Amino acid sequence: MNLPPDEKPPVFNSWRSWYVLVIGFLAGLIVFFYFFTKYFS
Amino acid sequence: MSVIDWIVLVVTLLSIILYGLYKSREEKNLENYFLLNRSSSWLLILLGIIGTQASAVTFLSAPGQSYTDGMRFVQYYFGLPLAMVILCVTFVPVFHKLKLFTAYQFLEERFDGKTRTFTALLFLLQRGLSTGISISAPSIILSSLLGWNILWTNMLMGGLLIIYTFTGGAKAVAYTQQVQFVIIFAGMFMAGYMVVHLLPGDVGLSDALHIGGRAGKLNVITSGRTDEKFQWNDRYNIWSGLIGGFFLQLSYFGTDQSQVGRYLTAKSTRESRLSLLLNGLVKVPMQFSILLLGVLVFAYYQYAREPLFFNQTQLDLLSKTKYADSLKIVMKEYEHLQDEKIEQMKPGNEPQAEQRMRQGLTMQFVQKRQTELRKTIQRWLKDKEVNGDPNDTNYIFLRFVIDHLPKGLIGLLIAVIFLSAWGSIAASLNSLSSSTMNDLHKRWVKKPMEPVKEFRVSQYYTLFWGIFCVVVAQLAYNIGNSLIEAVNVLGSLFYGVILGIFLVAFYFKKISATPVFYSAVVVELFVIAIHLLNQNGIVNISFLWLNAIGALGVILLSLVIQRFRIIPGTSLVNTKT
């Protein structure tokens with residue numbers, strides 16, 4: 001199926017940057033939660 | 001409830017209904033009724049997506065969950081951001097390009113009519129029953145805590161929203177969800193502020209977190225390993241969240257019409273993608289905050305009288321059984337324990353470090369004995385002669401609200417329960433009606449209809465599903481707790497298979513319609529069989545893994561049938577793509 005070209009996303013130049021942001025943010029949260037758990041246990 | 005609470009509750013609910021009706025005055029055709037004329041902005045869709053996923057049980061259960069089991073439930077959502085990325089790369093551009101009304105319409109484009117019908121029927125069965133339960137669960141809690149009649153509570157919970165969903169369709173659903181979101185989060189923020197405010201003067205937020213941490217409630221990350229072995233039946237750990245949760249969320253957001261219907265209303269692919277990616281950013285922190293509220297309530301109860309069992313009606317039930325005398329003895333010991341705890345937790349003249357140690361030891365001792373007493377109560381409630389509900393997790397937060405929060409805020413938080421239920425149920429009714437009309441009615445009834453007639457028929461389907469869900473809610477109450485527990489895992493029974501069909505459609509271009517159809521039927525029966533074996537203790541596996549089993553099962557079996565052409569009629573290549 002031929003898909004139309006991607007529309008430009010806001011803030012970044014490509015959607016790939018948005019995907020990296022979402023996955024990176026999740027990784028950051030998991031690291032934060034890990035230390036949060038350690039600190040308060 | 002006081003008069004002020006009633007006024008706040010009634011005014012809030014009436015305002016939402018009137019606002020929904022006000023937003024309903026539009027042109028009468030299917031495109032507008034189900035898809036808002038494909039004109040939504042990313043913000044409207046984002047709030048719709050959040051409002052559809054977060055039902056009343058989310059706000060009632062989550063704080064209770066962290067109160068009893070700690071915050072590890074947040075890991076359940078770790079797969080969500082990953083699923084959002086996959087959806088934006090694969091599903092969203094195709095759905096928009098084809099200008100679909102429902103997700104299942106894509107399956108006819110890619111495979112054939114019977115695969116579309118089968119998947120739509122799985123969706124209608126699963127969504128219809130689970131919507132009934134999402135009416136029933138908060139109604140049971142409210143009627144139990146406030147003494148309301150269950151039929152009337154079900155009617156209010158599931159019936160009033162039908163007025164604007166019937167009239168205004170997707171537009172009324174989207175705009176009311178926007179207002180509901182603001183009220184819900186204002187209410188939850190005020191509740192959080194009040195919990196911290198109610199703590200003794202010298203106990204701050206940091207102290208409350210330390211109390212939660214010492215009691216093991218801040219276990220946000222867990223590995224699922226005990227005794228050097230991974231526990232497959234452990235529901236919430238980082239792996240079940242990332243892997244099982246990923247399949248569940250991908251299926252829910254990619255193939256459940258109640259969610260797909262929200263982002264199909266977007267004016268462009270860009271708006272859909274943006275709303276899903278922002279959902280991936282905000283969902284985990286949002287869920288973390290709601291769970292943290294439960295830990296703060298736990299910290300509060302270390303300085304105040306904590307109910308032995310949060311569902312008072314169950315204690316009343318026990319007091320009329322053979323356990324009545326034993327219950328009195330347990331209650332007496334518990335009261336004594338509470339007096340001792342409150343005395344010990346009072347700040348003394350000793351240095352802070354010693355004070356913390358004393359309080360920590362007191363908390364550990366009280367918790368241990370309290371857990372033993374609670375287990376005794378639960379054992380009695382499980383007795384077949386009593387036939388009670390041994391789980392009071394869903395009652396913890398609302399019981400705290402009713403017992404300790406000021407007048408007015410109680411009414412607002414009960415309104416929050418109604419609004420969160422309405423947001424989710426309204427989106428479900430709209431999607432059930434859309435799938436019935438587009439995937440079944442329009443394909444089976446060949447006679448062409450005027451746009452206004454199509455609109456009217458769709459309204460009647462909305463009404464039908466609204467009544468169906470209220471009836472299911474009432475039946476769920478009559479049948480009892482076992483049905484509610486069964487329907488909680490209902491999504492995982494069907495989502496995996498539905499996702500498997502869609503993954504084959506997107507990623508396995510050489511697989512044709514016949515293999516995927518028969519694979520879906522066989523794997524669905526297999527998943528149900530595993531669930532039944534699980535229920536009877538023959539296998540022991542968390543329900544989240546059923547999503548992965550269903551999805552991977554359909555893919556693998558389709559590949560085998562296609563490769564060896566086991567089923568007659570399997571074409572060598574798919575001719576529809």
Side-chain angles (χ1 to χ4, degrees), chain A, chain B residues 42 70-72 74-75 77-86 88-90 92-94 96-98 106 109-110 206 209-223 238 241-242 268-271 273-274 276-285 288 292 295 506 509 576-577:
Chain A
M1 183 184 294
N2 293 323
L3 294 170
D6 278 348
E7 294 166 274
K8 195 176 173 297
V11 186
F12 298 115
N13 285 326
S14 70
W15 286 105
R16 188 184 294 267
S17 306
W18 268 99
Y19 304 150
V20 171
L21 172 72
V22 171
I23 294 171
F25 186 67
L26 172 68
L29 276 178
I30 292 174
V31 171
F32 167 72
F33 289 154
Y34 174 77
F35 286 109
F36 183 86
T37 305
K38 284 266 173 205
Y39 179 74
F40 284 108
S41 59
Chain B
W42 63 266
M71 291 188 63
R72 68 196 187 113
V74 78
Q75 297 168 114
Y77 294 93
F78 281 179
L80 187 143
L82 304 175
M84 295 301 107
V85 171
I86 299 295
C88 289
V89 173
T90 314
V92 171
V94 175
H96 273 280
K97 155 104 178 150
L98 293 173
F106 166 67
E109 299 273 343
R110 170 64 177 83
S206 169
L209 290 178
H210 277 287
I211 288 168
R214 280 203 296 268
K217 306 295 177 190
L218 296 180
N219 53 348
V220 189
I221 301 289
T222 56
S223 67
I238 189 164
L242 277 170
S268 67
T269 310
R270 178 183 181 270
E271 303 296 306
R273 274 186 171 147
L274 199 54
L276 289 169
L277 291 172
L278 289 172
N279 185 41
L281 287 176
V282 301
K283 185 70 191 181
V284 177
F288 177 83
L292 198 61
V295 176
F506 281 113
K509 304 285 184 195
K576 288 210 166 195
T577 53

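Just so it is clear: chains get the letters A, B, ... in the order the sequence lines come, proteins before strands, and each one is counted from 1. Just so it is clear, the structure is predicted and the values come from calculations on it, not from any experiment. Hydrogens, waters and symmetry mates are skipped; everything else that's a heavy atom, side chains included, is used.
Most heavy-atom pairs under 4.5 Å with chain A, from the set B/Leu278, B/Asn219, B/Leu82, B/Leu209: that is B/Leu209. Chain A forms the most heavy-atom pairs under 4.5 Å with one residue out of B/Gly216, B/Cys88, B/Gly280, and that residue is B/Cys88.
Residue B/Thr222 does not touch chain A at all, counting heavy-atom pairs closer than 4.5 Å. With a 4.5 angstrom heavy-atom cutoff, A/Lys38 does not touch chain B via any of its atoms. With a 4.5 Å cut-off on non-hydrogen atoms, B/Ile238 touches chain A through its side chain but not through its backbone.
Considering OG1 of A/Thr37 and CE of B/Met71, their distance stands at 8.5 Å, rounded to 0.5 Å. With rounding to the nearest 0.5 angstrom, the CG atom of A/Leu21 is 8.5 Å from the CG atom of B/Leu277. Remark: A/Phe32 CZ to B/Phe288 CZ distance equals 5.5 Å, nearest 0.5 Å. Atoms CH2 and CG, from A/Trp18 and B/Leu276 in turn, are 12.0 Å apart once rounded to the nearest 0.5 Å.
Heavy-atom minimum distance, A/Phe40 versus B/Ser206: CE2-O, 4.5 Å.
A 4.5 Å side-chain heavy-atom check between A/Trp15 and B/Arg270 finds at least one atom pair inside the cut-off.
Using the six-membered ring where Trp is involved, A/Phe33 and B/Phe78 have ring planes that are parallel, under 30° apart on the 30 and 60° scheme.
With a 6.0 Å radius and a threshold of 12 heavy atoms from other residues, nucleotides or ligands, A/Phe12 has its CZ atom above the threshold.
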